[in-house]
Structure formats: structure tokens, C-alpha cells
A.B. asks: 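Handing you a structure now.
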Amino acid sequence: MHLGDKHVFAPEDTRAFAMYGVGAGTWLMMGDPVGPREDWPQVIDGLASEARAAGARLAGYKVGPASEDIWRAAGFAVSPLGSEASVAAADFTLNAPARRELRRKCRAADKAGMVVRVHPPGGAPLAEMGSVADAWRDSKSGRELTFSMGHWAPDSPRDT
């Protein structure tokens, strides 16, 4: 879904495209290009050329192992910034010794009155969630991190 906070680069001679944000002299490409991998070099090289022509530089964010060699071949350094994980919820427990710190944080959240509610698709209280989103945004200097985290847009089309 295109929410207007990103640009789309789709060279005519390829079947691939990339999404990127612009700020502070950098064009930041989000993830790997979309489309056949054999077209990715043209997307990365083309977007880098467009950025240079605009007086900016290109960088990649959340690009995967499948494109590392392409970025390197284009002259970019590839550095991991973090990692992602998935948890099998049915098998997860806080009782393991390695989760001592997590248990402590959960107790602190309980003590602070934190509540977690799970709603069925389409059943979330949007008005209440809007005030929470506003408070969170205001605590972060009034700016949402829309590029990597998305943004509060209850009126956007969504699957329900």
C-alpha cells in the first residue's frame, strides 16, 4: 500500500521496483527491490544514479541477504544493524532461566498498570487507539517514524 510517505522507483526496462524515503540528503531504500532478482541490480544502480543526480546519496534499510552481493557490487558497504526473530507462541514460556530479565520487565509493566488487549480483526476501538497514538507521538517530539514503523492512519484501506 502506498501511503504517500515513500517514493517508488521503477525503471522502465525492468520488471522490478523499489520504495524509498527522502530526508537529510539521503534516499533510503526500504528492503530489497520487489520483482525478479535478475532485475535488482538495475533498480539499485538506477536509484543510486538518480540520488546522485539530485545531490543525495542512496542507502538501504532492511535489505536482505539475497541482495547483499548486489549492493557490494554497486560499491556499497553492507552492515547489519539488528536482527529479527520469530517466536512459536504456543511453546513460549517466561519460566526459563534465560528469561529472568524479561520476567522482571513484565512485573514492572504490571506494576505500572500496563494492559494488553487482543481484538479480532476489525474489532479494535479506533477512537481509543487514536488517543494512545497521539500520546505516543507527542512523547517522541511530535513526529511519527512512518518510514520503518508505519503510522497511525485509521481511515486507510485495510484488510479486515
Side-chain angles (χ1 to χ4, degrees), residues 1-10 16-35 43-44 46-48 50-68 71 76-160:
M1 176 188 313
H2 190 253
L3 298 174
D5 60 336
K6 298 170 195 71
H7 302 274
V8 176
F9 178 75
F17 70 92
M19 296 185 79
Y20 65 99
V22 174
T26 301
W27 291 15
L28 187 63
M29 189 172 118
M30 180 67 159
D32 291 328
V34 176
V43 173
I44 293 170
L47 190 53
E50 295 276 330
R52 279 192 301 275
R57 63 185 173 264
L58 176 64
Y61 177 68
K62 289 198 164 209
V63 296
S67 67
E68 284 182 21
W71 284 94
F76 290 89
V78 177
S79 302
L81 296 176
S83 57
E84 295 182 7
S86 61
V87 175
D91 300 328
F92 182 79
T93 177
L94 288 175
N95 296 331
R99 300 224 172 82
R100 190 183 102 198
E101 185 64 17
L102 181 57
R103 285 192 301 274
R104 186 188 67 74
K105 290 179 180 182
C106 287
R107 284 192 304 274
D110 258 352
K111 188 175 179 181
M114 188 183 103
V115 176
V116 175
R117 287 183 262 165
V118 178
H119 300 280
L126 295 181
E128 181 182 345
M129 291 170 65
S131 64
V132 170
D134 290 344
W136 182 87
R137 184 197 60 240
D138 292 346
S139 76
K140 305 292 180 198
S141 303
R143 186 170 139 329
E144 287 189 277
L145 303 173
T146 61
F147 187 70
S148 61
M149 301 297 294
H151 66 277
W152 177 247
D155 296 327
S156 291
R158 61 191 173 276
D159 295 330
T160 55

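Side chains included, hydrogens not; waters and symmetry mates left out as well; all remaining heavy atoms used.
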A.B. asks: Could you tell me which non-hydrogen atom of V78 sits nearest to which non-hydrogen atom of E68, and how far apart they are?
C.D. replies: CG1-CG, 3.7 Å
A.B. asks: Look up atom CZ in F92 and atom CG in L102, then write down how far apart they are to the nearest 0.5 Å.
C.D. replies: 5.5 Å
A.B. asks: Please enumerate all residues that pass side chain to side chain donor-acceptor pair (under 3.5 Å) together with E50, with sequence neighbours excluded.
C.D. replies: none
A.B. asks: Which pair of heavy atoms, one from A56 and one from T26, lies closest together, and at what distance?
C.D. replies: CB-N, 4.4 Å
A.B. asks: Run the salt bridge (charged side-chain N to carboxylate O under 4.0 Å, His left out) test against R100 and tell me which residues pass, sequence neighbours left out.
C.D. replies: none
A.B. asks: Any salt bridge (Lys or Arg N to Asp or Glu O under 4.0 Å) pairs touching residues 121-134, not counting sequence neighbours?
C.D. replies: R117-E128, D134-R137
A.B. asks: Return the minimal non-hydrogen interatomic distance between M30 and Y61, and the atom names on each side.
C.D. replies: SD-CD2, 3.5 Å
A.B. asks: If you round to the nearest 0.5 Å, how far is CZ of F17 from CG of L47?
C.D. replies: 12.5 Å
A.B. asks: Measure up the W71 and F76 rings against each other and bin them: parallel (under 30°), tilted (30 to 60°), perpendicular (over 60°).
C.D. replies: perpendicular
A.B. asks: How close do A18 and V43 get, counting heavy atoms only, and between which atoms?
C.D. replies: CB-CG1, 3.6 Å
A.B. asks: Can you see which heavy atom on P97 is nearest to which on R103, and at what distance?
C.D. replies: O-NH2, 4.4 Å
A.B. asks: Could you state the interatomic distance from CG (L94) to NZ (K105), rounded to the nearest 0.5 Å?
C.D. replies: 12.5 Å
A.B. asks: Measure the shortest side-chain to side-chain distance between I44 and M29 over non-hydrogen atoms and say whether it is less than 4.5 angstrom.
C.D. replies: yes
A.B. asks: Minimum heavy-atom separation for D32 to A66, with atom names?
C.D. replies: OD2-CB, 4.4 Å
